[in-house]
Number of protein chains: 2
Amino acid sequence: MGQAKFSQTDFLAAAQAIAAAEGPAAATIASITARLGAPTGSFYHRFASRNVVLGELWLRAVRDFQEGIGAALDAGDGLAAALHTPAWVRGHLDNARLLLMYDRKDFVQGEWPEELRERVAEMTRRMEAGSRQRARAIFGEDGREEVRLAQFLISEVPVAAVRQHLVRREPPPPLVDRLIRTTYRAVVADYRARKRKPGLAERAV
Amino acid sequence: MGQAKFSQTDFLAAAQAIAAAEGPAAATIASITARLGAPTGSFYHRFASRNVVLGELWLRAVRDFQEGIGAALDAGDGLAAALHTPAWVRGHLDNARLLLMYDRKDFVQGEWPEELRERVAEMTRRMEAGSRQRARAIFGEDGREEVRLAQFLISEVPVAAVRQHLVRREPPPPLVDRLIRTTYRAVVADYRARKRKPGLAERAV
DNA sequence: ATGGGTTTAGAATGATAGTTCTAGAATATG
DNA sequence: CATATTCTAGAACTATCATTCTAAACCCAT
């Protein structure tokens, strides 16, 4: 057997570094191998395609991100789950930029490579289960409306509040947490009020 | 003079249609000219580069979008400005998708073409002035914090609430308006409460 | 009618990237 | 020590695009 100067991990790390610094599009085979001083041949000994490497980066970032939210929800606390986003972003600026500033399509062009299909499917399943879990944790039900509200509170609002800071490569200030918290409480309160007196709440809107 | 089978407007319309249907990246010179049955040469008689056409599309979408917000604010109503986003999206699904689902860099690669620089600069100026105007309209001041909150209420939250519906090419349901409204009122109320009794509000967080 | 512009028409060019190929070097195993 | 296997090395190939170029068609003003 040969000597293995360049490992899978080396290529992944190089790709991650380049993607974090200049965006996933900049992680070309040429730039990845150049950073390691490796020949392109070595790259293709480790990976079937560029899609595999960039898909792997994306999957890792998503998994890292989701884990914390899941943990917060297992504790039954929706607000903690909502506040997980700014907290995670502060501790993982690079991965956060990858995940929240770019689209999945900036990583994987066309179809997912066969090697990753199963993991993506698993991830999707987990996320769908998670969205109902979130609705139950916050509202006690997981009907269509509750799921939609939970997505707003736990995903949409926190991500939106954090984005401009990611663009500037700065940690989100405490004000961001306050906005998320205020929004969370208001939407939950509004939901409960509407449940209690649908007619009144309707008119009040 | 020749006969002019293909006008600037034709090319722009074709590019718009393709970009709206399949994303700006799909609006290549080949796809634009193919849609019209025009030769590539004719395209370059009308435009200096692809960047000019796609930059033009982006500028038009931004302008359309901003106009309504500006009008709402001139009436001094921050909530109306916040609710402009879902309303505009319902009436301009195609432009909304272009503007809210893609990044500026998906339209213009590298530098802006000289022909559009002035208009982009003007647009930037207008948006910066607008952000202070929004802060004043809502909070009566335009300090750093007020500007940040206004951006959250008028831009970040509405856009976030609307995005998943754009992806599905469906008009945002009324629930989206309710979320925006609830958030708006809560954040403004929280701001005012904090202004009145800073100590108390601080502890309450 | 014709000269000269504009426009059509599409082939040629050049750049960038992903992927494949051929050759040679290194090494663990028999 | 021989050799099969893996890996390095980088050139070659292929595809996709934006852009430029050459030639011919067209039509208005003279």
Side-chain angles (χ1 to χ4, degrees), chain A residues 1-16 18-19 21-58 102 104-116, chain B residues 1-16 18-19 21-58 102 104-116:
Chain A
M1 298 176 186
Q3 63 288 356
K5 253 161 105 173
F6 311 102
S7 69
Q8 261 197 358
T9 308
D10 293 334
F11 288 112
L12 275 168
Q16 160 89 35
I18 293 166
E22 306 166 61
T28 64
I29 309 294
S31 73
I32 293 170
T33 54
R35 171 177 262 258
L36 296 173
T40 59
S42 296
F43 175 89
Y44 282 96
H45 266 281
R46 303 298 182 184
F47 299 96
S49 70
R50 178 178 182 272
N51 270 355
V52 173
V53 171
L54 278 128
E56 179 74 40
L57 290 188
W58 188 82
Y102 300 95
R104 193 193 61 77
K105 287 184 182 168
D106 295 326
F107 292 80
V108 177
Q109 324 266 15
E111 295 293 295
W112 278 93
E114 187 53 40
E115 299 107 294
L116 302 180
Chain B
M1 298 172 187
Q3 62 290 352
K5 256 160 103 174
F6 310 102
S7 69
Q8 259 197 358
T9 307
D10 292 334
F11 287 112
L12 275 168
Q16 160 87 36
I18 294 166
E22 307 166 61
T28 65
I29 308 296
S31 73
I32 294 170
T33 53
R35 170 176 263 256
L36 296 173
T40 61
S42 296
F43 176 89
Y44 281 96
H45 265 282
R46 304 296 182 188
F47 299 96
S49 71
R50 177 178 184 273
N51 270 356
V52 172
V53 170
L54 280 136
E56 178 74 38
L57 290 187
W58 189 83
Y102 301 95
R104 194 192 60 77
K105 287 184 181 168
D106 295 326
F107 291 80
V108 178
Q109 324 266 15
E111 295 293 295
W112 278 93
E114 186 54 39
E115 298 107 295
L116 301 180

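A, B, ... follow the sequence lines: proteins, then strands. Residue 1 opens every chain. Worth knowing before you read on, the calculation uses all heavy atoms, side chains too, and leaves out hydrogens, waters and symmetry mates.
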Visitor: Partners of D10(B) by side chain to side chain donor-acceptor pair (under 3.5 Å), sequence neighbours excluded?
Guide: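 Checked D10(B) against side chain to side chain donor-acceptor pair (under 3.5 Å); matches are S7(B).
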Visitor: Output all residues satisfying side chain to side chain donor-acceptor pair (under 3.5 Å) with E114(B), sequence neighbours left out; order by chain, then residue number.
Guide: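 Residues passing side chain to side chain donor-acceptor pair (under 3.5 Å) with E114(B): R117(B).
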Visitor: Can you measure Q8(B) atom CD to dT8(C) atom P for me and round it to whole angstrom units?
Guide: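 Spelled out: CD on Q8(B) to P on dT8(C) is 12 Å.
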Visitor: Do L12(A) and F47(A) have side-chain heavy atoms sitting under 4.5 Å apart?
Guide: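 When only atoms from C-beta onward are counted, F47(A) and L12(A) do touch, with a gap below 4.5 Å.
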Visitor: Is K5(A) near enough to dA9(D) that one of its side-chain N or O atoms lies under 4.0 angstrom from OP1 or OP2?
Guide: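 The answer is yes; a side-chain N or O of K5(A) sits under 4.0 Å from OP1 or OP2.
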Visitor: Find the distance Q109(B):CD to dT16(D):P and express it as a whole number of Å.
Guide: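 My rounded result for the distance is 18 Å.
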Visitor: Suppose we screen for side chain to side chain donor-acceptor pair (under 3.5 Å). Which residues come up paired with Q16(A), at least two apart in sequence or across chains?
Guide: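 Checked Q16(A) against side chain to side chain donor-acceptor pair (under 3.5 Å); matches are N95(A).
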Visitor: According to the interplanar angle, ranging from 0 to 90°, do the rings of F11(A) and F43(A) count as parallel (below 30°), tilted (30 to 60°) or perpendicular (above 60°)?
Guide: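 Plane angle over 60°, so perpendicular.
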Visitor: Measure up the W112(B) and W58(B) rings against each other and bin them: parallel (under 30°), tilted (30 to 60°), perpendicular (over 60°).
Guide: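 W112(B) vs W58(B) ring planes: tilted.
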Visitor: Tell me which residues in residues 38-50 of chain B put a heavy atom below 4.0 Å from DNA chain D, sorted by number, or none.
Guide: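 Result for residues 38-50 of chain B: T40(B), Y44(B), S49(B), R50(B), sorted by number.
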Visitor: Using heavy atoms and a sub-4.0 Å distance, could you list which residues of residues 23-36 of chain A are near DNA chain C? By number, please.
Guide: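 Correct list: T28(A), I29(A).
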Visitor: I'd like to check the side-chain contact (heavy atoms from CB on, under 4.5 Å) partners of A26(B); sequence neighbours left out, ordered by chain and number.
Guide: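 I18(B), E22(B).
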Visitor: Please evaluate residues E115(B) and E56(B) with respect to the criterion side-chain contact (heavy atoms from CB on, under 4.5 Å), reporting the C-alpha separation (whole Å), side-chain torsions for both, the decisive distance (0.1 Å), and the verdict.
Guide: CA-CA 10 Å; E115(B) 298 107 295; E56(B) 178 74 38; over 6 Å; no
Visitor: Roughly how many Å is it from CZ in F6(A) to C1' in dT6(D), rounded to a whole number?
Guide: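 Atom CZ in F6(A) sits about 14 Å away from atom C1' in dT6(D).
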